Amino acid sequence: MKTPAYYAEQLRQRFSLRPTTAIVLGSGFAPFGEELENREVVPFEELEEFPRSTAPGHPGRFLAGTVKGVPVLCLQGRLHYYEGYTMEQVVLPIRVMQAFGIRQVILTNAAGAINLEFHAGEVMLITDHINFMGTNPLIGPNDNALGERFPDMTQAYSPRLQQLARSCAQRLHLPLREGVYLGCTGPSFETPAEIRAFRTLGADAVAMSLVPETIAAVHCGVEVLGLSFLSNLAAGVSGQPLSGKEVNQAAEQSRPMLTRFLKELLSEMGTQA
Ligand code: HPA
C-alpha cells in the first residue's frame with residue numbers, strides 16, 4: 001500500500017474533474033455510480049498496491065463525474081474490516097479523497113433496523129454512532145499534519161449536512177428516519193440477543209461498515225453525512241433469517257427513490273460548498 005498522497009496524485013492525473021464533494025456507495029448503492037454524467041473511471045486494480053474490493057456488490061473503483069452539473073467523486077465499493085483488511089486499509093479511500101481535495105462526503109450503507117418503529121425499505125439519516133467494532137482506525141502514531149491525536153466526535157455527523165438532508169427529503173416528499181447507527185465487524189450477522197442489547201444501548205440501526213470511515217473523515221477535517229438504507233429488520237425482529245443476498249436485493253425496489261434523493265443531495269451540497 002502506498003500513501004494517500006500518492007493515490008491522490010494518481011487520481012489527479014486520471015481525472016479531469018476536481019470535485020470537493022464525494023460519496024461512498026455501500027451495499028445496494030453501487031448502481032448509483034451509473035447516474036454520474038461525464039463519467040471517468042479508475043478501478044482499484046489500476047492503482048499500484050491498492051487493496052482489492054472482495055465484498056459482493058462492491059465493484060471497487062473510483063469514479064468522477066457530474067450530478068446536475070456539480071462535480072462529484074464517487075467510491076463505488078468500499079473496503080470492509082471483515083474482508084481481513086487492517087483499519088488503515090479500510091480508511092485509505094477516505095484519506096485519498098481528503099488528499100485529492102474532498103471537503104464533504106456522503107457515507108452510505110445498507111443496515112438492519114433495530115428501532116421497532118422502522119421498516120425495511122426506509123432510509124435513516126445517521127445522527128450519531130456507536131463504535132462496537134472493538135478497534136479504531138486512528139490507533140497508532142498520529143499524523144499531526146492530518147489531524148489531532150484526540151479528535152472531538154461531538155458532532156461527527158455534520159449538523160449542517162443533516163439539515164440539508166432533511167430539507168432535500170422534505171422537498172422530494174421522502175420519509176426520512178433519523179437515528180443512531182451501531183457498527184459491528186461482521187461478517188456474521190448479529191444474534192437476536194445482541195440486537196436486544198444494542199436497542200437498550202440506544203442504537204436504531206446496525207451494519208458492518210461506515211464507523212471507521214466517519215472517524216477517519218472527522219479526524220482529517222472532512223464533513224460527513226451518513227445515510228443507512230434499512231434493507232431488513234435486524235436479527236430476531238421479524239423472526240426471518242438474514243442473508244447477504246437479500247441485503248443487496250432490497251435496495252433494488254427503492255432504487256428510484258434513492259437515486260432522486262442522492263442526486264438532489266449532491267447537487268445541493270455542491271451548490272453550497
Ligand atoms: N446486520 C448487519 N449488517 C447489515 C444488516 C444487518 O441486519 N443489514 C445490512 N447490513
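Values reported hereafter were calculated over all heavy atoms of this structure, with side chains retained and with hydrogens, waters and symmetry mates removed. For ligands, and for the atoms within them, numbers begin at 1 and follow the listed sequence. Please read all numbers here as calculations on a predicted model, not as lab measurements.
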Please list, in number order, the atoms of ligand 1 under 4.0 Å from a heavy atom of [X].
X      : value
Ala207 : 2 (C), 3 (N), 4 (C), 10 (N)
Val206 : 1 (N), 2 (C), 3 (N), 4 (C), 5 (C), 6 (C)
Met208 : 2 (C), 3 (N)
Leu242 : 7 (O)

query = Which option, Ala113, Pro187, Gly112, owns the non-hydrogen atom nearest atom 5 (C) of ligand 1?
reply =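 That would be Gly112.
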Which protein heavy atom lies closest to [atom], and at what distance to 0.1 Å?
atom                    : value
atom 7 (O) of ligand 1  : Asn232 ND2, 2.9 Å
atom 10 (N) of ligand 1 : Ala110 O, 3.3 Å
atom 1 (N) of ligand 1  : Glu190 OE1, 2.8 Å

task = For ligand 1, indicate whether the residue Ala111 contacts it via side chain, backbone, both or neither (heavy-atom separation under 4.0 Å).
result =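 It is the backbone that gets close, since no side chain atom is under 4.0 Å.
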message = A quick test of your reading: do over 12 heavy atoms of other residues, nucleotides or ligands sit less than 6.0 Å from CD of Glu35?
response =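 Check passes, neighbour count above 12.
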request  = Look at the rings of Phe44 and Phe50 and say which category their plane angle falls in: under 30° parallel, 30 to 60° tilted, over 60° perpendicular.
outcome  =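 Plane angle between 30° and 60°, so tilted.
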inquiry  = Test: side chain to side chain donor-acceptor pair (under 3.5 Å). Region: residues 228-244. Which pairs qualify, not counting sequence neighbours?
reply    =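 Listed once each, the pairs are Asn109-Ser228.
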Single-linkage hydrophobic cluster Val218~Val90, side-chain heavy atoms < 4.5 angstrom =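 Linked, Val218 and Val90 end up in one cluster.
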request  = Answer yes if the side chains of Thr127 and Gln162 hold a donor-acceptor pair under 3.5 Å, and no otherwise.
outcome  =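 Judged by distance alone, the side chains do not pair up.
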